[in-house]
Structures are given as C-alpha cells and as structure tokens.
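Below: the structure, in structure tokens.
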Amino acid sequence: MTRKTDILIIGGGMAGLTCALEIPEKYSVTILSKIQLPTGSTFLAQGGLAAVTSEDDSFENHLKDTQKAGAGMVDEVVAQKIISTGPELVNTLSRWGIALEGSNGDGGGMEGGHSFRRVLHYFDQTGRFISEHLGEECRKRSNITIIENAFAINLISASREALSLLQKGCDRCLGAYVLMGEDVVTFLARETVLATGGAGKTYRYTSNQDSSTGDGIAMAFRAGLPVRNMEFYQFHPTCLYHPDKRNFLITEALRGEGAKLINEAGKRFMEYYDPERMELAPRDVVARAIDSEMKHFGTDHMLLDATHLSRSFLEEYFPEVTSGVMSVGIRPWEDPIPIVPAAHYCVGGVVAGTDGSTEMSGLRVIGEAASTGFHGANRLGSNSLLEAGVMGLLCARSITDHLPGRITGVTVRDWSFGRAEPLEESVLVDHSWASLRSVMWDYVGIVKTDKRLRRALKLLDVLAEEVEEDYWTLLPTMEQLELRNLTTVARVIVRSALKRRESVGLHYLVDCPYTSHIKTDTVLKINM
Ligand code: FAD
Ligand code: SIN
C-alpha cells in the first residue's frame with residue numbers, strides 16, 4: 001500500500017510537532033509516531049527551555065555559557081542563530097497556548113552552567129505541558145494527520161528504490177517504509193523530516209523512554225548520511241536509584257535550588273572536584289565526580305540532599321520529582337534521595353543545518369537526532385528543547401521556501417517480505433537487547449579506556465551479524481527493528497570513541513587524558 005503526503009514528519013516530540021505547526025495549512029503534513037502521543041523525551045523534560053527573555057540577560061551571556069559547557073567545540077554561528085531565535089520560539093509557543101514561567105523576563109529557573117536564571121518552565125512538568133499542548137494544537141489543524149503506532153523502518157531513496165529518478169550525483173529522499181500492524185506501508189513525500197529523538201536505550205541505565213532507540217540516526221546512517229560526534233553521550237548526574245523504578249530524572253533545577261550531593265561518608269564531595277561551581281558544575285564534571293565517588297566507596301549510588309527545602313515548597317515547585325520519589329517511599333524534605341548517573345542525551349547525530357537540511361535533498365533531520373554543532377562536546381542543560389523548537393520552526397520555513405515538486409511517474413517498489421518467517425523465540429531478541437545495553441554500560445560509559453572500547457566493538461560486531469540475519473529472515477516487529485537500530489548506533493558510538501584521541505567534554509578516555517589544541521569533529525559514514 002502507498003500513501004502520499006506533502007511533508008512526512010517522523011516523530012511527534014518538540015521538534016516534529018513544532019515543525020508541523022509552522023508549515024502553512026495549504027500543505028498536507030503527516031506525523032508518524034511509533035507510540036501514542038504525547039511521547040518522547042520531550043514529554044519527560046522537567047527543568048525547562050533556556051532562552052533569553054530578561055533585559056538583564058543577553059544573547060552573548062547565553063552564548064558564552066553554551067560555549068563553556070561545550071568545551072570550546074560549539075559552532076558559534078549555529079549557536080548564535082539558535083540562541084537569538086529563542087525569544088521568537090517562546091512567543092510562538094505562547095501563541096499556541098504554552099506560556100512558560102519566566103517568559104516575561106523574570107521567574108526563570110537556574111541550572112548548572114547557566115550564569116543567569118533563564119530556564120523557562122512549567123513547574124517541573126515542562127515537557128508534559130509542552131507535549132500535550134503541541135499535540136492538541138496539531139489535532140486542530142485540518143492539514144495535519146497524526147498516525148500513532150506507526151514505526152518508520154527505512155528511508156526510501158531514489159538511488160535504491162527509484163533509480164529512474166536519480167539525477168547525476170544527487171540522491172533524493174522520497175519517503176519511508178513504515179510498519180503499521182503487520183503491514184509495511186510505503187509513504188511518499190515531497191520532503192521527509194526525521195525528528196526521532198535520541199538513543200538512551202543504548203545504555204542499561206537511562207533517563208529516556210523506551211522509545212529512544214536512535215531509529216532516525218540509524219536510518220540516516222544506513223542511507224549514507226554522515227553522523228557526527230557520537231562519542232559525546234551525555235549522562236545526567238542525578239537519576240533516581242531504585243531497584244523497582246525506571247531511572248526517573250531528578251531535575252537539575254533541584255540543585256539550582258541548593259540540593260547537595262553527598263557521599264557514603266556523609267560528605268559534600270563536589271568540593272574535591274569543582275569547588276567553585278560545586279553541584280552546578282557542567283554535567284560531565286558532576287557525572288564523573290559521582291562515578292569516581294561510587295568507585296571509591298564501592299557503592300552503586302550517591303545521595304542528593306534537598307532536605308533544606310520544605311515539603312510545601314517541594315510539592316508546589318517540584319510536583320513531578322516529589323510524587324515520583326514518594327511513590328517509592330522517599331520523603332524528600334526528610335530523606336536524601338539515592339541517585340545514579342544515567343544516559344540522557346545524544347549530543348551527536350546526523351549532520352544537519354539549523355533548518356534540518358542534510359546532504360540528501362528531500363531529507364531533513366531536526367531535534368535530538370541531528371548534530372548542528374550547537375552543543376559542542378557537552379550540552380548545556382535546557383538547551384535541547386530550545387534547539388528542537390527552533391529547528392522545528394526554521395525547518396518548516398525552509399521547507400515552505402524550497403519544497404521540491406510532487407513525485408509523479410515514478411515507481412517505488414513496495415516492501416518485500418520475501419520468505420520471512422515469524423520470530424518464534426522472543427528470548428533471542430530480548431537477550432540481545434540486554435547484552436547490548438550491558439556492553440555499552442560496562443565498557444562505553446562515563447569513563448572510557450581503549451581496551452574496553454575495543455572489547456565492546458568485538459562483542460557488538462558479533463551481535464550485529466546476528467541482528468542482520470534476523471532482519472533478512474524474520475517478519476518485521478518493532479522490537480527487532482529497534483534492536484537493529486540500537487546496534488547500529490552503539491557501533492557508531494564505539495567507533496567514534498575510538499577515533500577521538502583526546503579527552504574533551506563528555507568524552508573522557510583514560511588512555512588520552514589531555515585535550516587536543518586542534519578541534520576536530522568525528523564524522524562516520526556507512527562505508528568508511
Ligand atoms: P523526542 O521528544 O524524543 O521525540 C521523538 C519522537 O520520535 C517520538 O514521538 C517517538 O515516538 C518518535 N519516533 C522515534 N523513532 C520512531 C520511528 N522509527 N518511527 C516513528 N516514530 C518514531 N531538555 C531540555 O532542554 N530541558 C529539559 O528540561 C530536559 N529534560 C529532560 C528530561 C528527561 C527525562 C529527558 C529524557 C530529556 C530531557 N531533555 C531536556 C532533553 C529533551 O527533552 C530532548 O532532547 C528533546 O525533547 C528531544 O525532542 P525531539 O523532538 O528531538 O525528540
Ligand atoms: C533537568 O531537568 O535536569 C534536565 C534538563 C536537561 O536535560 O536539559
């Protein structure tokens with residue numbers, strides 16, 4: 001079956017929904033989400049969206065903070081564009097009914113690495129508030145169709161599926177094959193936008209939802225696009241440590257309100273690592289400090305002490321965190337919260353401009369799946385909702401200005417099931433998922449060594465062979481396709497980490513502890 005739309009957006013988080021809403025209503029837009037909306041990391045965001053809204057603050061200040069966190073690897077032109085479009089994004093969101101606290105110049109929150117209270121938020125439920133409103137707004141538009149439980153498997157490109165259209169030296173994206181129930185539907189579009197988010201599920205412990213499996217990055221990589229700086233995976237320092245609860249995030253904004261990190265001996269340990277910035281040092285510094293203390297004491301968690309805050313303050317300003325930790329019996333105004341760092345944000349991604357443009361015409365990548373250079377070697381907290389929203393707006397405008405013609409007179413082949421058979425033993429997929437995530441956690445975590453990285457690559461190569469065999473012989477299921485994408489992304493992360501012969505930002509390699517004077521990007525392509 002084939003379906004046509006002007007613009008196909010794969011992903012219904014901040015980036016995808018903002019882009020859809022900004023496209024003029026004369027164009028048909030189809031949004032696909034592999035699970036029901038509201039979804040994605042956007043839904044989970046707590047802290048907020050960083051933007052300059054006060055006269056006392058400035059774009060220069062925000063740029064400086066972004067550069068400092070990014071360890072000198074931020075693309076300045078890109079950062080200027082994104083930061084200076086922040087106020088416009090804030091106004092647009094407010095037009096769509098999303099008025100964030102601090103939008104009028106005061107009341108913004110504070111987070112690590114920011115020199116100003118510029119984190120606009122809705123209590124600690126910023127992502128939920130944004131996702132629900134954007135989703136509602138999209139459903140009001142007659143030109144937008146949202147299809148949930150639709151899993152994009154692969155991009156369709158002229159060079160592979162419609163050779164007659166391939167112009168000399170220039171490939172073009174024509175849409176995507178999408179798993180819907182047991183069928184694979186061919187979606188054809190004038191422009192395809194990947195807004196599929198990050199890949200936290202590559203690691204055993206993550207703050208991300210189960211859906212963050214790096215699908216868009218893997219799809220683009222397989223289609224031949226360059227993927228950049230994937231060794232920079234950000235670990236959020238403070239996720240709840242509890243055997244019965246997913247690694248629920250304890251927002252950095254709580255540290256912004258004075259919560260302290262305490263070790264096994266009851267000591268506030270950040271003074272050994274970053275005495276000036278303490279708990280509000282950049283995330284790589286805090287996560288490494290926690291990792292080091294855990295190794296020193298041989299424990300699997302540290303404590304975050306917010307007991308200086310009253311119950312009423314916590315319940316009013318941090319309702320998500322308070323109810324989350326109370327559900328496992330912790331009373332945060334009395335008890336320190338057990339925390340552990342967890343994989344949180346994919347700083348690398350598919351090389352893209354601020355408008356999502358990529359090497360392949362007809363294909364854009366926006367939000368966390370993209371690498372614009374904005375975050376450098378480490379993302380400043382609350383800069384990703386900003387980037388995702390700004391990219392959504394700029395992408396929509398650029399699409400409107402440069403929309404390629406309708407695809408006519410071209411035959412795109414349907415998905416072929418060949419002789420594929422159903423998976424009979426789901427333990428095969430489950431076990432591979434678990435081993436991939438353990439390999440990544442144990443060998444490719446906060447602190448890396450060459451030996452561990454090489455061992456990880458060997459294990460992942462074996463896994464990749466098995467996964468590829470399953471891909472060609474089994475009927476497609478979401479779990480198996482996600483595993484394939486995770487394997488692709490994991491191998492790219494490890495290969496990128498082996499290539500970078502220095503320690504910088506989020507990449508700490510024991511064998512090369514110094515930072516090089518020459519700033520280079522790690523770029524991988526499928527046949528490199
Ligand atoms: P997402 O919001 O992750 O959306 C991805 C979408 O793609 C989903 O709809 C998913 O269903 C869909 N999808 C994926 N693969 C497929 C496929 N194959 N087929 C179809 N659909 C697919 N950043 C901040 O700036 N401030 C914060 O306070 C903040 N807090 C955070 C808290 C948590 C717990 C987490 C995990 C992240 C947080 N971040 C925060 C990061 C930020 O939320 C994300 O970077 C941002 O929301 C990403 O938006 P996105 O639209 O790119 O992707
Ligand atoms: C947090 O609230 O600590 C997360 C903010 C972010 O990831 O930007």
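First listed ligand is number 1; within each ligand, the first listed atom is number 1. Quick caveat, the model's predicted, so the values are computed rather than measured.
Side-chain N or O atoms of S207 include none that pairs as donor or acceptor with a backbone N or O of L249 at under 3.5 Å. Between the side chain of T42 and the backbone N or O of M14, at least one donor-acceptor pair lies under 3.5 Å. Remark: side-chain polar atoms of T18 are not paired, donor with acceptor, to backbone N or O of G392 under 3.5 angstrom. No donor-acceptor distance shorter than 3.5 angstrom exists from the side chain of Q234 to the backbone of R283, with no hydrogens or angles considered. Distance alone, capped at 3.5 Å, is enough to place a donor-acceptor pair between the T53 side chain and the G102 backbone. No donor-acceptor pair under 3.5 Å is formed between the side chain of R3 and the backbone N or O of V185. Between the side chain of R117 and the backbone N or O of G108, at least one donor-acceptor pair lies under 3.5 Å. A donor-acceptor contact shorter than 3.5 Å is absent between the side chain of T192 and the backbone of L363.
Nearest-heavy-atom check against atom 26 (N) of ligand 1 across A176, A50, G48, G392 picks out G48. Residue nearest to atom 6 (C) of ligand 1, selected from G40, G12, G214, S382: G12 (by heavy-atom distance). Nearest to atom 15 (N) of ligand 1 by heavy-atom distance, out of D215, T126, L481, is D215. Which of E320, Q234, R283 comes nearest to atom 6 (C) of ligand 2 through a heavy atom is settled by distance: it is R283. Comparing C19, A195, G11 by heavy-atom distance to atom 5 (C) of ligand 1, the nearest is A195.
Ligand 2 has at least one atom lying under 4.0 Å from a heavy atom of L249.
Close approach of ligand 1 to A152 is summarised as follows: ligand atoms under 4.0 Å from at least one heavy atom of the residue are 17 (C), 18 (N), 19 (N), 20 (C). Less than 4.0 angstrom separates some heavy atom of E252 from each of these atoms of ligand 2: 1 (C), 2 (O), 3 (O). If you number the atoms of ligand 2 from 1 as listed, the ones under 4.0 Å from a heavy atom of G47 come out as 2 (O). Here is the list of ligand 1 atoms found below 4.0 Å of a heavy atom in R379: 23 (N), 24 (C), 25 (O). Near A150, meaning under 4.0 Å from any of its heavy atoms, are these atoms of ligand 1: 19 (N), 20 (C). Ligand 1 places these atoms under 4.0 Å from at least one heavy atom of N383: 25 (O). Atoms of ligand 1 found under 4.0 Å from any heavy atom of G367 (numbered from 1 in listed order, with element): 52 (O). Close approach of ligand 2 to T251 (heavy-atom distance below 4.0 Å) involves ligand atoms 1 (C), 2 (O), 3 (O). Against a heavy-atom cut-off of under 4.0 Å, L32 is close to the following atoms of ligand 1: 21 (N). Short contacts between ligand 1 and M14, defined as distances under 4.0 Å to a heavy atom of the residue, involve ligand atoms 51 (O). Every atom of ligand 2 with a heavy atom of G381 under 4.0 Å away is listed here by number and element: 8 (O). Contact atoms of ligand 1 toward N208: 36 (C) (distance under 4.0 Å to a heavy atom of the residue).
On a distance-only criterion, S384 and ligand 2 share no N/O pair closer than 3.5 Å. Remark: ligand 1 and K34 share an N or O pair separated by less than 3.5 Å (distance only, no angle test). Taking only nitrogen or oxygen atoms, main chain and side chain alike, S211 does not reach within less than 3.5 Å of ligand 1.
When every heavy atom of D124 is checked against every heavy atom of E320, the shortest pair comes out as OD1-N, 2.8 Å. The two residues E387 and F374 come nearest to each other via the heavy atoms OE2-CB, 3.5 Å. For the residue pair L254 and A306, the shortest heavy atom distance occurs at CD2-CB, 4.1 Å. S211 approaches T39 most closely through the heavy-atom pair OG-OG1, 4.2 Å.
Once rounded to the nearest 0.5 Å, the distance linking CG of L309 with CD of E257 reads 7.0 Å. To the nearest 0.5 Å, the span separating CG on L93 from CG on L393 amounts to 7.5 Å.
Around NZ of K260, the count of heavy atoms belonging to other residues, nucleotides or ligands within 6.0 Å exceeds 12. Heavy atoms of other residues, nucleotides or ligands lying less than 6.0 angstrom from OH of Y317 number 12 at most.
A side chain to side chain contact (heavy atoms under 4.5 Å, CB included) with V286 is found for exactly one of E279, R255, R277, namely R255. Each of Y233, Y508, F235 was compared with I446 under the side chain to side chain contact (heavy atoms under 4.5 Å, CB included) criterion, and only F235 meets it.
Contact annotation: for L249 versus ligand 1, heavy atoms closer than 4.0 Å belong to the side chain alone. Contacts between S212 and ligand 1, counted as non-hydrogen atom pairs separated by less than 4.0 Å, are absent for every part of the residue. At a heavy-atom distance under 4.0 Å, only side-chain atoms of I10, from C-beta outward, approach ligand 1. With a 4.0 Å heavy-atom cut-off, ligand 1 is reached by no atom of F43. Here Q46 has backbone heavy atoms under 4.0 Å from ligand 1, and that is the only part of it that gets that close. Residue-level proximity to ligand 2 for D124 is absent, since no heavy atom of it falls below 4.0 angstrom.
At the shortest separation from atom 25 (O) of ligand 1 among protein heavy atoms lies L385 N, 2.8 Å. At the shortest separation from atom 8 (O) of ligand 2 among protein heavy atoms lies S382 N, 2.6 Å. Of all protein heavy atoms, the one lying nearest to atom 46 (C) of ligand 1 is T42 OG1, 3.9 Å. If you check which protein heavy atom lies closest to atom 52 (O) of ligand 1, you get E368 N, 2.9 Å. In terms of protein heavy-atom proximity, atom 51 (O) of ligand 1 is nearest to A15 N, 3.0 Å. Looking from atom 3 (O) of ligand 1 to the surrounding protein, the closest heavy atom is S41 N, 2.9 Å. Of the protein's non-hydrogen atoms, S384 OG, 3.3 Å is the one closest to atom 24 (C) of ligand 1. Nearest protein neighbour of atom 35 (C) of ligand 1, counting heavy atoms only, is H344 CE1, 3.3 Å. For atom 29 (C) of ligand 1, the closest heavy atom belonging to the protein is A45 CB, 3.5 Å.
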Give the intermediate values and the outcome of side-chain hydrogen bond (donor to acceptor under 3.5 Å, both in side chains) for residues N485 and T213. CA-CA 7 Å; N485 292 333; T213 51; 5.4 Å; no

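Annotation: F232 is not in aromatic contact with H375 [ring centroid separation under 6.0 Å not met].
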